Amino acid sequence: MTARDPPGRPPLPAGVWVLGFVSLLMDVSSEMIHSLLPLFLVGTLGVSVLAVGLIEGAAEAIALVTKVFSGVLSDFLGRRKGLAVLGYAMGALSKPVFALATGAGAVVAARFVDRVGKGIRNAPRDALIADIAPPGARGAAFGLRQSLDTVGAFLGPLLATMLMLLWANDFRAVFWVAVVPGALSVALLAVGIRETPRPAAARPASPIRREALARLGTAYWQVVALGAVFTLARFSEAFLVLRAQQVGIAASWVPLVMVAMNMAYAASAYPFGRLSDAVGPHRLLALGLVVLVAADLVVAGAGDWRALLAGVALWGVHMGMTQGLLAAMVAETAPEDLRGTAYGFFNLLAGVATLLASAIAGLLWDRLGSAFTFYAGAGFAVLALAGLLAWMVRTEAPAPRRMT
């Protein structure tokens with residue numbers, strides 16, 4: 001199977017589609033739970049909003065820190081599929097714990113296991129895509145995977161909404177249904193991808209030796225810094241769910257907030273990924289930050305569900321415009337034999353920024369209110385945009401002409 005692309009554009013291999021559908025199934029499973037989890041923690045288990053922010057930030061940071069080690073290991077072994085299967089299996093095995101949990105401790109433990117699994121799988125999976133995709137179509141490949149991933153991310157909350165209505169807000173019953181697509185995701189990856197291991201001569205002796213890391217180069221580290229700044233400007237989507245309940249949306253309908261966000265995300269990721277192959281990523285990243293500022297302002301000022309969904313949809317467009325582009329930029333700036341390591345360090349810095357952003361957002365929510373949290377997010381996005389524009393001017397400016 002290949003994508004229908006215009007003449008001259010390299011087709012996308014079947015492996016990219018398989019990895020996209022693996023992501024789709026796991027996201028259906030995860031988002032069925034995560035779209036309800038903030039309400040479950042706050043409403044059922046009595047956890048504070050600040051604690052939700054810390055839990056979400058720490059869980060995501062653990063996932064992203066773990067990517068360093070899995071990415072390095074995949075480069076060292078010359079194999080990526082086994083680590084990806086392990087990570088997806090951990091995510092699938094964590095799902096029953098949410099359904100069985102009777103206290104916040106079990107929920108937090110399951111969340112951490114799920115996120116560690118994500119950390120193990122994501123860097124090898126992204127490196128697999130970079131290995132499989134033709135150089136002239138990497139933006140499209142990452143955009144396609146992101147789009148399919150995000151289709152799962154809106155199907156999950158949509159299914160959760162239907163089941164909450166059908167089963168009178170029975171959180172645990174919905175969590176049990178989420179076990180099925182998680183298991184299918186692991187099975188598809190195990191049978192659908194055949195990896196050809198790289199010969200030992202093509203592997204770095206140790207991907208974290210000083211000599212190997214020096215080969216990553218300035219361009220790569222600039223992408224890492226850019227990704228961290230982007231993440232700092234965008235805190236956890238859990239705050240969108242809590243904001244939805246605050247403006248009066250009933251608990252059974254709250255997952256539709258994530259449906260709206262992820263529909264916009266899925267619809268925009270692949271087109272903008274393809275566009276980046278033609279025009280380059282930097283201007284699209286700047287436009288994505290403008291959209292994020294608009295999303296934060298609309299959500300902050302929302303007084304009813306219509307305004308909130310408009311802001312959430314803008315948030316999703318921002319995600320679709322930026323996430324695949326950053327992954328493709330890592331692939332373009334890192335050596336082929338160090339791609340796993342490159343994705344690992346990229347996500348390490350993003351993980352630190354995620355923890356900071358979510359903790360700050362939770363603190364602002366508890367101390368100053370939900371609207372101020374989103375206004376502060378808009379302010380961070382403006383600062384990130386200013387830094388990106390300054391970097392673009394500096395890097396794209398023509399060299400000064402020498403006087404003769």
Side-chain angles (χ1 to χ4, degrees), residues 20-41 52 55-56 59-60 63 87-88 90-99 101 107 110-115 117-119 121-122 125 145-167 169-186 188 234-245 249 251-269 309 312-313 315-320 323 354 358:
F21 281 106
V22 167
S23 294
L24 185 154
L25 287 167
M26 184 55 74
D27 256 38
V28 169
S29 177
S30 295
E31 294 303 326
M32 285 183 69
I33 293 174
H34 298 161
S35 62
L36 297 172
L37 196 58
L39 301 183
F40 186 62
L41 286 168
V52 171
I55 290 169
E56 288 296 311
E60 293 297 333
Y88 277 101
M90 290 180 67
L93 290 172
S94 72
K95 299 303 187 283
V97 181
F98 291 102
V107 172
R111 185 80 170 107
F112 279 24
V113 170
D114 175 61
R115 296 297 87 181
K118 181 178 181 180
R121 69 185 180 246
N122 277 21
R125 183 205 61 207
R145 191 212 65 80
Q146 199 70 61
S147 286
L148 290 173
D149 178 279
T150 311
V151 167
F154 76 73
L155 288 179
L158 185 60
L159 183 56
T161 298
M162 295 169 57
L163 294 177
M164 287 284 281
L165 291 170
L166 180 64
W167 292 335
N169 295 342
D170 189 339
F171 287 93
R172 298 183 192 280
V174 177
F175 293 168
W176 274 118
V177 174
V179 173
V180 177
L184 292 175
S185 174
V186 179
L188 178 59
R234 183 185 60 243
F235 40 76
S236 170
E237 288 85 10
F239 294 97
L240 297 176
V241 173
L242 294 170
R243 180 68 171 145
Q245 188 180 44
I249 299 177
S252 57
W253 293 99
V254 162
L256 290 181
V257 171
M258 300 306 293
V259 172
M261 189 200 81
N262 286 306
M263 286 181 68
Y265 191 170
S268 56
L309 288 183
V312 166
W315 188 292
V317 171
H318 154 77
M319 296 285 286
Q323 292 305 96
T354 296
S358 294

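All figures in this text were calculated on a predicted structure; none of them were measured in a lab.
Rounding to the nearest 0.5 Å gives a distance of 14.5 Å between CG of Leu309 and CH2 of Trp315. The structure places CG of Leu25 at 9.5 Å from OH of Tyr88, a figure rounded to the nearest 0.5 Å. Within the model, atoms CZ of Phe171 and CD1 of Ile33 stand 12.5 Å from one another, a figure rounded to the nearest 0.5 Å. One distance of note links CZ of Arg125 with CE of Met26; it measures 10.5 Å at 0.5 Å rounding. Taken from CG in Leu163 to CG in Leu158, the straight-line distance is 9.5 Å, to the nearest 0.5 Å.
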Item to check | Criterion side chain to side chain contact (heavy atoms under 4.5 Å, CB included) on Trp253 and Met164, from CA distance to verdict | outcome: CA-CA 8 Å; Trp253 293 99; Met164 287 284 281; over 6 Å; no
Item to check | Chi angles and distances behind the side chain to side chain contact (heavy atoms under 4.5 Å, CB included) call for Arg111, Leu37 | outcome: CA-CA 10 Å; Arg111 185 80 170 107; Leu37 196 58; 3.9 Å; yes
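At least one donor-acceptor pair under 3.5 Å links the side chain of Thr161 to the backbone N or O of Pro157.
In plain terms, the two heavy atoms of Met32 and Gly156 that are nearest each other are CG-O, 3.2 Å. Closest approach of Val257 and Val312 over heavy atoms only: O-CG1, 3.1 Å. Between Leu36 and Ala160, the closest heavy-atom pair is CD1-CB, 4.2 Å. Residues Gly20 and Leu148 come closest through the heavy atom pair O-CB, 3.5 Å. Across Ser29 and Ala178, no two heavy atoms sit closer than the pair OG-O, 2.6 Å.
Remark: Leu155 engages Val28, Val151 in a side chain to side chain contact (heavy atoms under 4.5 Å, CB included) (not counting sequence neighbours). Considering only residues two or more places apart in sequence or on other chains, Asp149 meets the salt bridge (charged side-chain N to carboxylate O under 4.0 Å, His left out) condition with Arg145. Residues passing the side chain to side chain donor-acceptor pair (under 3.5 Å) test with Arg121, sequence neighbours excluded: none. The ring-ring contact (aromatic ring centres under 6.0 Å, His included) search around Tyr265 returns none, not counting sequence neighbours.
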For residues 90-99, which side-chain N or O atoms pair as donor and acceptor with protein atoms under 3.5 Å away, sequence neighbours left out?
| residue | atom | partner | partner atom | Å |
| --- | --- | --- | --- | --- |
| Ser94 | OG | Gly91 | O | 2.8 |
| Lys95 | NZ | Ser30 | OG | 3.4 |
| Lys95 | NZ | Gly91 | O | 2.9 |
| Lys95 | NZ | Asp114 | OD1 | 2.9 |

